[in-house]
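Worksheet: the structure to be examined is printed underneath.
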Protein chains: 2
Amino acid sequence: MTQLDITGHLDATEETTEQSPKLGRKRDHTRDPEILDAALEVLAETGYDGMTIDMVAARAKAGKATLYRRWPSKGELIIDAIACMKQVDYSRLPDTGSLRGDLIAMIKPPSIKDGQRKLQIMAGLMSMLSHDPGLADAANAAIIEPRAAATRALMQRAIDRGQIPADCEIEVLSQISAAMAAYRVLILRKPVDRDFLISLIDGVVMPAVGLGRPNGQTG
Amino acid sequence: MTQLDITGHLDATEETTEQSPKLGRKRDHTRDPEILDAALEVLAETGYDGMTIDMVAARAKAGKATLYRRWPSKGELIIDAIACMKQVDYSRLPDTGSLRGDLIAMIKPPSIKDGQRKLQIMAGLMSMLSHDPGLADAANAAIIEPRAAATRALMQRAIDRGQIPADCEIEVLSQISAAMAAYRVLILRKPVDRDFLISLIDGVVMPAVGLGRPNGQTG
DNA sequence: AAGATCCGAAACTCAAGAGTATCGTATATG
DNA sequence: CATATACGATACTCTTGAGTTTCGGATCTT
C-alpha cells in the first residue's frame, strides 16, 4: 500500500535502504512523500487559494519551516505534489477481446475513487491553470494524460482488430468518459458511479462506433 | 429547470425609460448593471480568489464604497452578478425539422462566445462551488441549466416526432456538447469552435441516437 | 439658488497568510 | 558520550485585500 520513493524530483527509482556515509548527515528528506500527500489532500479539500502552508504542515505533522527548507514557495510545492502524485497503473491494459469488455474492465472501484480525487484536485487548481502554464502542464501530465492515453490505446486496438471502423473519431470518443465524469462531478455536482459509466459506454460510446443501437431511419 | 429569479434584485437589465443621456447620474442604483458586468469580467479573468473589490470598482469606474453601499460583501456581489447575468435567448428554439438541423442551428457565433465566457466564469468559481451552496445554485441556475434545458427540449421534440427512438438516454446525450466543450476549454485548454461542435454532433450524438453511422459488425 | 443626496476617490483599520528566523530537541554517527 | 544536523514548534515581519470612513464635488429636487 505504500510504494513511495520520490526524494529529489522523481527519476529516483532506486530505493536502497542504506544511506551514503556523508559526514554525519542524517536522514534525507524522508518526510517528503507525506508532505506532498498532505498538500494534495488539502488542495483537494480547500482549493489552491484556500489552502495555507500551515494547513499542509499541520496535516503532515511537520513544521512550516520544514516545508520551506525543501520547497521555495507554495506554488513550487503544489507543482511538485502534482508531479509526484501516486498513479493507478494504466500500463497493463485489460484485454477482454472486445472493446466494450475492455472499457468496462477499466471501471474498478480504485479507479473510480482515483478519478474522483483527481477531479477534486483539478477543481482546486482550475482558477490557477489560466495564469500558471507550469501548473497547467503538470496537471495535464499527471492527471489528464495517463487516463486519456489508456482509453485511446483501447480504441486503437479495437480498430487494429477490425472491430470498429477505422474512421472513428478516437480523439473525441476516448474523451467522452472523462469529460462526462468531470462535468458530472465538477459542474452537476453529482457522484460518478459504476452504473453511470456503464450507461455512458452502452448509451453513447458503443452506439457512436457502430456497435450499439440497431440503426434505423435517417432524420 | 425553470428560470432564475433568485433574490430580489435584477430587473435593472431592462431600460425603463429614456432619461438624461450622458450627463445623468440618477439617484437610483443605475450603475448596478455596469458594476455587475465588471464583476463578471474580472471574475472570468482572474477567478474568484484572485479578484479584488478594487479591481471591480476600477473596471466599473466606480468607487469601492459604492459597491459596499449596494452589496454587503464580495460574495453577495458575485452571487448577484451571476444571477443577473445576461442570457442568450433560448426561449425560441430553432425548428428545422430534423434533430441534426436543430442542434446545428444552436451553434451560432454569439452562442459560442457566450458559452466560452460562461465557462471562464465557471472556472473562476470552481473551487468555491464545493464550499458555498448558494453560489453553486446560482451558477447552476444562470449558467448550466438554461442551455441544458434547451438541448433537452430539442431531443424530446425529436422523440415526439418519432425521429429518434424513445428509449434514448436524453439526459446524458443532451449533456454531451456542454460536457465536451467544458472539458476542452477548462481542462484541455483548447478553443471550442464550430467545427468541433459539429464533429461532436455528427461523430457522437447522431450515431448514438441511431441516425449516424451505418451499423455494422458486432464486436 | 439652496438644500438634500448620491457618488468617486482615497485614507484608514483589521485580519490572514506567505515567508523568515530562532530555539530546543531528537537522533544517527563516531 | 560528543557532535553535527535535521526536525517541530513558534514567534516574527511584511504584504495584501476586505470592509469602513471621510470628504469634496456633482446632480436632482424644490
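Chain A is the first sequence line, chain B the second, and so forth, proteins listed ahead of strands; every chain is numbered from 1.
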Exercise. When we call it a touch if two heavy atoms are under 4.0 Å apart, what does B:Met55 touch: a base, just sugar-phosphate, or nothing?
Worked result: nothing
Exercise. Would you call A:Asp37-A:Lys86 a salt bridge at under 4.0 Å N-O?
Worked result: yes
Seminar exercise, completed: From the list B:Arg117, B:Gln120, B:Arg59, side chain to side chain donor-acceptor pair (under 3.5 Å) with B:Glu41 holds only for B:Arg59
Exercise. Is A:Arg70 near enough to D:dA6 that one of its side-chain N or O atoms lies under 4.0 angstrom from OP1 or OP2?
Worked result: no
For this session: Rounded to the nearest angstrom, tell me the gap between atom CD1 in A:Ile78 and atom P in C:dA18.
Result: 10 Å
Exercise. Between A:Lys74 (side chain) and A:Met51 (backbone), is there a donor-acceptor pair under 3.5 Å?
Worked result: yes
Problem set entry | Atom-pair distance (CG on B:Leu67; P on C:dG8), nearest Å | 9 Å
Exercise. Do the side-chain N or O atoms of A:Thr66 get closer than 4.0 angstrom to the phosphate oxygens (OP1, OP2) of D:dG8?
Worked result: yes
Problem set entry | Value in whole Å for how far the P atom of C:dT20 lies from CH2 of A:Trp71 | 15 Å
Exercise. With respect to the phosphate group of C:dC6, does any side-chain polar atom (N or O) of B:Arg31 fall under 4.0 Å of OP1 or OP2?
Worked result: no
For this session: Identify, residue by residue, the members of residues 120-138 of chain A with a heavy atom below 4.0 Å from DNA chain D, and return them in order of residue number, or none.
Result: none
For this session: Among A:Asp54, A:Asp49, A:Val56, find the residue that satisfies the side chain to side chain contact (heavy atoms under 4.5 Å, CB included) test when tested with A:Thr52.
Result: A:Asp54
For this session: Please identify each residue that fulfils side chain to side chain contact (heavy atoms under 4.5 Å, CB included) with B:Ala158, with sequence neighbours left out.
Result: B:Leu99, B:Gln163, B:Ile164
Exercise. When the distance from CG of B:Asp49 to P of C:dA16 is rounded to whole Å, what number comes out?
Worked result: 16 Å
Exercise. Nearest 0.5 Å, what's the OG-CD1 distance between A:Ser177 and A:Ile201?
Worked result: 5.5 Å
Problem set entry | B:Tyr90 six-ring face occupied by B:Arg147 cation (under 6.0 Å, within 45°) | no
Exercise. When you check every protein heavy atom under 4.0 Å of nucleotides 19-25 of chain D, what one-letter string (B, S, -) results, 5' to 3'?
Worked result: BBBB---
Exercise. Looking at B:Glu145 and B:Arg152, does any basic side-chain N land under 4.0 Å from a carboxylate oxygen?
Worked result: yes
Problem set entry | Electrostatic pair B:Arg157-B:Asp95, nearest N-O below 4.0 angstrom | yes
